[in-house]
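In what follows, a single structure is set out as C-alpha cells and then discussed.
Note that ligands are numbered from 1 as they come in the structure, with each ligand's atoms numbered from 1 the same way. Here, residue 1 is the first one in the sequence, and each next residue gets the next number.
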Amino acid sequence: MPAYTLQVNGQTRTVDVDSDTPLLYVLRDDLGLHGPKFGCGLGQCGACTVLFNGAATRSCVLPVSSVGDAKVTTLEGLGTPEHPHPVQAAFIAEQAAQCGYCINGMVMTSVGLLSQTAKPTETQIRDALAGNLCRCGTHTRIIKAVQRAAGTPVKEA
Ligand code: FES
Ligand code: FES
C-alpha cells in the first residue's frame, strides 16, 4: 500500500493505506481521531466535517490521495476540555447538543463560517449549517451558539 504523509492538527502523520481510502477512515481508524463521525458516508449529513486549509470539508468523500499537504484540522485540533475553542465554549454555554452525534460537524462548519464571516447574520448561519443534519432537532440552540461565538445578539427563546 502507498504511504501518505498528512498534516493533521499541526502534526505530520504518515499512513499506509489504499489511495481511495476516505480521509475520514484514515483519521478515525489509523490516527485515532474520533471527533469526525461517520454518519452517511455519502457527503450528505456533515457529521464527518473537518477543516481543510480552514474550510469546512466532508472527509467521508475525500480520498486520502487528494489531501496532499493541505492542513487538516479535526475537532481534537480546536481545543481541549480545559481550553475549549470559543465555538466549543459557546455550544456548551447554549447546551446545543442532545445525543451529540452531529455536533462535530456543526462545530467544524461553524468555525469555518466564522473564519470567513466574523459576524454572520442569522440567515448566513442557517445557510452555512443547512447541509448539517441533526436528528435530535437542536437547530435553534445551535444557531444561538454560533451567534454567541460571533458576539452577535442571541435571541431569547
Ligand atoms: S458522514 Fe460524511 S457527510 Fe455524512
Ligand atoms: S444532537 Fe443528536 S443528532 Fe444533533
Side-chain angles (χ1 to χ4, degrees), residues 4 6-9 13 15 17-68 70-81 84-117 120 122-150 152 154-157:
Y4 291 95
L6 309 175
Q7 306 301 320
V8 181
N9 296 338
R13 309 290 298 268
V15 293
V17 292
D18 288 331
S19 60
D20 58 354
T21 306
L23 175 61
L24 176 63
Y25 295 8
V26 173
L27 294 172
R28 290 184 59 85
D29 300 341
D30 296 277
L31 301 183
L33 296 167
H34 296 157
K37 298 289 185 286
F38 183 95
C40 63
L42 299 169
Q44 295 178 354
C45 75
C48 63
T49 302
V50 299
L51 298 180
F52 192 79
N53 286 333
T57 301
R58 296 182 175 202
S59 62
C60 69
V61 288
L62 185 67
V64 67
S65 56
S66 299
V67 175
K71 290 184 170 57
V72 177
T73 305
T74 71
L75 194 70
E76 291 87 345
L78 284 190
T80 65
H85 184 280
V87 171
Q88 292 173 306
F91 271 65
I92 294 167
E94 293 294 339
Q95 291 289 287
Q98 285 191 37
C99 80
Y101 205 83
C102 70
I103 294 298
N104 166 75
M106 296 292 186
V107 168
M108 301 310 284
T109 302
S110 299
V111 172
L113 168 65
L114 296 179
S115 71
Q116 297 290 318
T117 307
E122 183 174 332
T123 299
Q124 288 175 312
I125 296 170
R126 288 180 181 275
D127 287 348
L129 294 173
N132 288 72
L133 305 185
C134 173
R135 63 189 172 187
C136 297
T138 59
H139 294 90
T140 303
R141 281 183 273 157
I142 288 169
I143 290 164
K144 287 176 70 175
V146 181
Q147 290 174 317
R148 177 185 285 269
T152 52
V154 177
K155 278 193 202 167
E156 293 306 318

Give a yes/no answer: is there an N/O/S atom of C99 under 2.8 Å from atom 4 (Fe) of ligand 2? no
Using 2.8 Å as the threshold, say whether any N, O or S atom from C102 sits that close to atom 4 (Fe) of ligand 2. yes
Contacting atoms of ligand 1, where contact means under 4.0 angstrom from a heavy atom of C48: 1 (S), 2 (Fe), 3 (S)
Any N/O/S atom, backbone or side chain, of C45 lying under 2.8 Å from atom 2 (Fe) of ligand 1? no
Of the backbone and side-chain N, O or S atoms of C40, does one lie nearer to atom 4 (Fe) of ligand 1 than 2.8 Å? yes
Heavy-atom closest contact (C60 atom, G43 atom, distance): SG-N, 3.3 Å
Does L62 form a side-chain contact (heavy atoms from CB on, under 4.5 Å) with F52? I'd like the steps, not just the answer. CA-CA 10 Å; L62 185 67; F52 192 79; 3.5 Å; yes
Against heavy atoms of G43, which atoms of ligand 1 measure under 4.0 Å? 3 (S)
What are the atoms of ligand 2, with element, lying closer than 4.0 Å to any heavy atom of Q98? 1 (S)
Where do L113 and A128 come nearest, in terms of heavy atoms and distance? CD2-CB, 3.9 Å
Minimum heavy-atom separation for V50 to T73, with atom names? CB-O, 3.4 Å
Between L24 and C48, which heavy-atom pair has the shortest distance, and what is it? CD2-CB, 3.7 Å
May I ask you to identify the nearest protein heavy atom to atom 3 (S) of ligand 2, giving residue, atom name and distance to one decimal place in Å? R135 N, 3.4 Å
Could you list which atoms of ligand 2 come closer than 4.0 Å to a heavy atom of G100? 1 (S), 2 (Fe)
Minimal heavy-atom distance between L27 and P36, with the atoms involved, is CD1-CG, 4.1 Å
On a heavy-atom basis, which atom in A96 and which in A145 lie closest, and how many Å separate them? CB-CB, 4.2 Å
I need the atoms of ligand 1 closer than 4.0 Å to a non-hydrogen atom of Q44, numbered in the order shown. 3 (S)
